[in-house]
Amino acid sequence: MDSMTFVLFGATGDLAKRKIFPALYNLFLDGNMPTSFSVIGLGRREMSHDEFQARVEDSLVTFSRRQTDDQSKMEGFLKAFRYNALDVNNPDDYKKLLQTIQQREEELTIPENRMFYLSVAPEFFDKIAYQIKESGIATTKGWKRLIIEKPFGHDLKSAQQLNRNLSVAFEENEIYRIDHYLGKPMVQNLEALEFANPVLQALWNNQYIANVQITASETVGVEERAGYYDQSGAIRDMFQNHMLQMLMMTAMHLPKKISPDDIRKQKKMVMESLRPLQKQEVAKDIVRAQYDQGEVSGEAVVGYQEEPGVKAGSMNDTFIAARLWIDNDFWNGVPFYIRTGKRMTEKSTRIVIEFKNPIKDLYSSNNDETAPNLLMIEINPNAGVTLQLNSRNLLNNGKLEPINVDFSASQDDMPEAYELLIMDAISGDATFFAHWDEVEMAWKLVQPILEAFEGNIVPLHRYPSGSMGPEASDQLLKENGFNWW
Ligand SMILES: NC(=O)C1=CN([C@@H]2O[C@H](COP(=O)(O)OP(=O)(O)OC[C@H]3O[C@@H](n4cnc5c(N)ncnc54)[C@H](OP(=O)(O)O)[C@@H]3O)[C@@H](O)[C@H]2O)C=CC1
Ligand SMILES: O=C1O[C@H](COP(=O)(O)O)[C@@H](O)[C@H](O)[C@H]1O
């Protein structure tokens with residue numbers, strides 16, 4: 001792994017504290033950081049290097065997955081950290097930043113490999129990219145890379161504009177767009193599950209699969225993020241990025257070889273085959289809803305309209321269900337159902353593959369019936385795979401009953417999404433980052449939905465907090481003879 005300088009914009013913020021510092025630290029403890037590296041934290045407020053290091057240490061003690069009693073390890077890690085005050089709008093601050101970067105490169109005798117992580121509000125992304133170029137920081141004899149957080153645009157036009165603005169300083173192969181769902185170990189494992197098992201590979205098509213269901217349900221409400229979420233909704237917050245990424249990872253087909261380029265090509269082909277939605281017809285395939293008051297995990301909670309910071313009469317969606325079709329030879333005729341929402345019954349992210357059941361009535365003369373075979377992939381909070389088969393239960397008069405063949409991945413010491421993603425970015429492996437083509441096609445799919453929501457031509461259903469969403473979401477599957485698993 002190349003020695004490098006990790007420049008963190010937003011180093012005094014929440015994401016840095018909760019995710020980025022702990023991820024770097026765990027990589028360090030696992031021997032997955034370069035032997036020599038420097039981290040330069042940036043924020044508006046003034047702070048000494050020592051104060052910054054103390055802040056980082058505090059975050060590690062509170063949030064790191066791994067802890068060590070060996071203080072020399074902690075010290076070895078912290079000594080890599082420096083802090084510069086920088087206002088993203090002030091060109092002089094970038095000149096000072098360049099000096100700090102160069103000074104550290106000299107001190108550590110490391111090459112000019114520079115990683116820029118933008119953990120700041122998205123309206124700063126293009127300004128920072130521009131200043132990185134103008135100040136000369138981007139002129140390096142080594143590599144340079146940019147990691148950015150979502151949201152990547154607010155709609156198709158703003159995403160395209162942002163991409164143009166970033167490209168003044170960075171090539172596409174230098175941009176690592178974080179979608180933290182792509183860092184979840186079970187999402188990364190989808191590729192192996194689909195392609196490293198000839199049995200599943202043979203069945204992974206419309207001849208054997210009846211439908212695919214992707215669910216990401218949350219029990220939390222809007223929390224303290226109403227300012228952002230009320231403008232965003234489930235459609236932008238989860239559907240445009242995480243849900244569509246999981247769909248791509250599930251529906252892609254065996255690439256010629258397992259390489260970042262080939263996997264991305266397959267994902268792109270899925271997006272190209274997704275049947276576009278027409279604004280006037282969005283309501284046929286998309287259900288939007290908002291949570292009312294109710295009870296979640298035994299606790300009474302208020303409805304969305306009563307949440308602090310939500311504007312009166314907000315029509316924002318806190319739940320989305322969708323039925324999508326992939327018009328290619330593999331998936332013609334197989335509905336892909338997606339649902340995601342806040343204040344639902346349980347916290348669970350999972351993908352269920354329902355296989356066709358041509359022998360449903362074979363046993364009916366014995367008063368028996370076969371349940372469909374299901375492959376259930378649990379992503380979060382548990383990680384595992386379950387295959388539902390039919391078997392006779394000798395303790396119940398030999399009746400046919402579904403049984404589960406289970407594999408549960410141990411969650412102990414499982415690396416966090418940010419660890420895996422930051423490690424990949426440092427190694428220059430972009431497999432599990434969102435390519436611009438994917439992001440743009442996702443926005444193209446979502447744009448008519450946004451317009452239909454804004455034009456109010458899609459009803460806004462309601463669901464009680466603590467439920468699995470409105471009846472209309474169940475109806476979407478009933479229309480095709482299915483139900484949510
Ligand atoms: N927090 C999370 O869990 C997640 C966050 N994200 C995304 O990550 C990004 C950062 O989020 P988060 O850490 O929560 O945000 P915070 O509001 O906690 O932190 C914002 C950071 O930006 C800095 N900042 C603000 N204005 C300026 C400026 N003019 N010049 C330089 N720095 C500035 C702040 O520095 P200072 O305070 O010193 O001014 C602070 O370090 C956002 O894009 C967010 O959408 C994505 C997924 C999850
Ligand atoms: O990106 C986001 O994801 C979280 C859910 O992530 P998970 O890893 O806990 O499943 C969601 O709560 C948040 O609104 C969204 O911005």
Side-chain angles (χ1 to χ4, degrees), residues 7-23 41-47 51-52 55-56 59 63 83-94 96-97 116-128 131-132 147-154 162 177-187 214-246 316-320 340-344 346-350 378-383 414 416-418 420-421 434:
V7 182
L8 179 58
F9 291 80
T12 51
D14 176 71
L15 186 68
K17 175 177 72 180
R18 285 192 308 107
K19 298 288 180 190
I20 303 172
F21 300 143
L42 306 166
R44 265 175 314 186
R45 70 196 77 173
E46 293 292 338
M47 208 186 298
E51 281 167 331
F52 181 53
R55 202 182 161 88
V56 174
S59 114
F63 296 107
Y83 182 80
N84 263 30
L86 172 143
D87 187 319
V88 296
N89 303 303
N90 183 353
D92 289 341
D93 287 348
Y94 292 84
K96 288 184 206 144
L97 172 61
F116 303 96
Y117 195 131
L118 309 195
S119 177
V120 289
E123 60 264 30
F124 295 148
F125 291 171
D126 33 20
K127 259 184 216 148
I128 295 176
Q131 290 297 346
I132 285 176
I147 303 181
I148 48 174
E149 280 291 337
K150 68 159 219 191
F152 198 83
H154 191 70
L162 172 58
R177 295 177 194 83
I178 288 225
D179 183 305
H180 80 276
Y181 271 58
L182 285 177
K184 291 186 187 283
M186 276 312 281
V187 174
I214 307 178
T215 299
S217 59
E218 295 190 83
T219 50
V220 294
V222 65
E223 300 179 290
E224 294 86 37
R225 299 166 73 213
Y228 151 76
Y229 193 80
D230 206 36
Q231 302 297 316
S232 172
I235 187 79
R236 293 181 173 93
D237 187 49
M238 294 290 292
F239 181 89
Q240 187 275 339
N241 36 69
H242 309 318
M243 305 309 286
L244 289 178
Q245 282 294 342
M246 285 194 284
N316 193 32
D317 47 287
T318 61
F319 174 97
I320 292 286
T340 182
K342 298 221 180 263
R343 286 286 190 235
M344 293 174 66
E346 55 173 353
K347 169 76 181 167
S348 169
T349 304
R350 65 173 175 272
E378 295 287 343
I379 291 167
N380 191 25
N382 303 316
M414 188 76 96
E416 283 213 14
Y418 276 88
L420 295 173
L421 293 173

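Remember, it's 1-based here, ligands and their atoms both numbered in the order they're listed. Numbers for residues simply follow the sequence, beginning at 1.
- A side-chain donor-acceptor contact under 3.5 Å links Y94 to the backbone of V88.
- Residue F124 touches ligand 1 through its side chain alone, judged by heavy-atom distances below 4.0 Å.
- Heavy-atom proximity to atom 7 (C) of ligand 1, evaluated over K150, K127, M47, is greatest for K150.
- Donor-acceptor pairing under 3.5 Å is recorded for the side chains of E149 and Y117.
- For atom 46 (C) of ligand 1, the closest heavy atom belonging to the protein is E149 OE1, 3.4 Å.
- Nearest protein neighbour of atom 30 (N) of ligand 1, counting heavy atoms only, is V88 N, 3.0 Å.
- Of the protein's heavy atoms, none falls inside 4.0 Å of atom 17 (O) of ligand 1.
- Remark: ligand 1 and R18 share an N or O pair separated by less than 3.5 Å (distance only, no angle test).
- Y83 contributes a side-chain N or O that, together with a main-chain N or O of G43, makes up a donor-acceptor pair within less than 3.5 Å.
- Counting only distance, with no hydrogens or angles, the side chain of R343 and the backbone of T219 share a donor-acceptor pair below 3.5 Å.
- Side chains of D237 and Y228: a donor-acceptor N/O pair is present below 3.5 angstrom, by distance only.
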May I have every N or O pair linking ligand 2 to the protein at under 3.5 Å, one per line with atom names and distance?
{"unit_1": "ligand 2", "atom_1": "1 (O)", "unit_2": "K150", "atom_2": "NZ", "d": "2.8"}
{"unit_1": "ligand 2", "atom_1": "1 (O)", "unit_2": "H242", "atom_2": "NE2", "d": "2.7"}
{"unit_1": "ligand 2", "atom_1": "6 (O)", "unit_2": "H180", "atom_2": "NE2", "d": "3.2"}
{"unit_1": "ligand 2", "atom_1": "8 (O)", "unit_2": "H180", "atom_2": "NE2", "d": "2.9"}
{"unit_1": "ligand 2", "atom_1": "8 (O)", "unit_2": "K184", "atom_2": "NZ", "d": "2.6"}
{"unit_1": "ligand 2", "atom_1": "9 (O)", "unit_2": "K347", "atom_2": "NZ", "d": "2.8"}
{"unit_1": "ligand 2", "atom_1": "10 (O)", "unit_2": "Y181", "atom_2": "OH", "d": "2.4"}
{"unit_1": "ligand 2", "atom_1": "10 (O)", "unit_2": "K347", "atom_2": "NZ", "d": "2.8"}
{"unit_1": "ligand 2", "atom_1": "10 (O)", "unit_2": "N380", "atom_2": "ND2", "d": "3.3"}
{"unit_1": "ligand 2", "atom_1": "12 (O)", "unit_2": "E218", "atom_2": "OE1", "d": "2.6"}
{"unit_1": "ligand 2", "atom_1": "12 (O)", "unit_2": "E218", "atom_2": "OE2", "d": "3.2"}
{"unit_1": "ligand 2", "atom_1": "12 (O)", "unit_2": "K342", "atom_2": "NZ", "d": "3.1"}
{"unit_1": "ligand 2", "atom_1": "14 (O)", "unit_2": "R225", "atom_2": "NH1", "d": "2.9"}
{"unit_1": "ligand 2", "atom_1": "14 (O)", "unit_2": "D237", "atom_2": "OD2", "d": "2.6"}
{"unit_1": "ligand 2", "atom_1": "14 (O)", "unit_2": "K342", "atom_2": "NZ", "d": "2.9"}
{"unit_1": "ligand 2", "atom_1": "16 (O)", "unit_2": "K150", "atom_2": "NZ", "d": "3.0"}
{"unit_1": "ligand 2", "atom_1": "16 (O)", "unit_2": "R225", "atom_2": "NH2", "d": "3.1"}
{"unit_1": "ligand 2", "atom_1": "16 (O)", "unit_2": "D237", "atom_2": "OD1", "d": "2.6"}
{"unit_1": "ligand 2", "atom_1": "16 (O)", "unit_2": "D237", "atom_2": "OD2", "d": "3.4"}

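- Nearest protein heavy-atom contact of atom 10 (C) of ligand 1 is S119 O, 3.2 Å.
- The shortest contact between atom 25 (C) of ligand 1 and any protein heavy atom is with R44 NH2, 3.6 Å.
- Here is the list of ligand 1 atoms found below 4.0 Å of a heavy atom in P122: 43 (O).
- When hydrogens are left out, the protein atom nearest atom 21 (C) of ligand 1 is G10 CA, 3.7 Å; that is the closest non-hydrogen contact.
- One distance of note links CZ of F319 with OG of S217; it measures 9.5 Å at 0.5 Å rounding.
- Atoms of ligand 1 lying under 4.0 Å from at least one heavy atom of R45, given by number and element, are 36 (P), 37 (O), 38 (O).
- The side-chain tip of K150 does not point at the ring of F152 from less than 6.0 angstrom away and within 45° of straight on.
- When only non-hydrogen protein atoms are considered, atom 1 (N) of ligand 1 lies nearest to D14 OD2, 2.8 Å.
- For the residues N90, T12, I148, the heavy atom positioned nearest atom 36 (P) of ligand 1 is part of T12.
- The local environment of CD in E123 is crowded, with over 12 non-hydrogen atoms from other residues, nucleotides or ligands closer than 6.0 Å.
- Side-chain contact between H242 and H180 is present, with at least one heavy-atom pair separated by less than 4.5 Å.
- Proximity of a side-chain donor or acceptor of N316 to a complementary backbone N or O of Y229 within less than 3.5 Å is detected.
- The two atoms that bring P22 and K17 nearest to each other are CD-O, 3.4 Å, heavy atoms only.
- For the side-chain contact (heavy atoms from CB on, under 4.5 Å) test with L42, the passing option among T12, L8, N84 is N84; the others fail.
- Among L15, D179, I178, the residue whose heavy atom sits closest to atom 13 (O) of ligand 1 is L15.
- Here the heavy atom of the protein found nearest to atom 31 (C) of ligand 1 is L86 O, 3.1 Å.
- Annotation: G13 places an N or O atom under 3.5 Å from an N or O atom of ligand 1; distance criterion only.
- The nearest non-hydrogen atom to atom 29 (N) of ligand 1, considering only V120, D87, I20, L8, comes from D87.
- Proximity of a side-chain donor or acceptor of R236 to a complementary backbone N or O of H154 within less than 3.5 Å is detected.
- Side chains of Y181 and Q245 form no contact here, defined as non-hydrogen atoms less than 4.5 Å apart.
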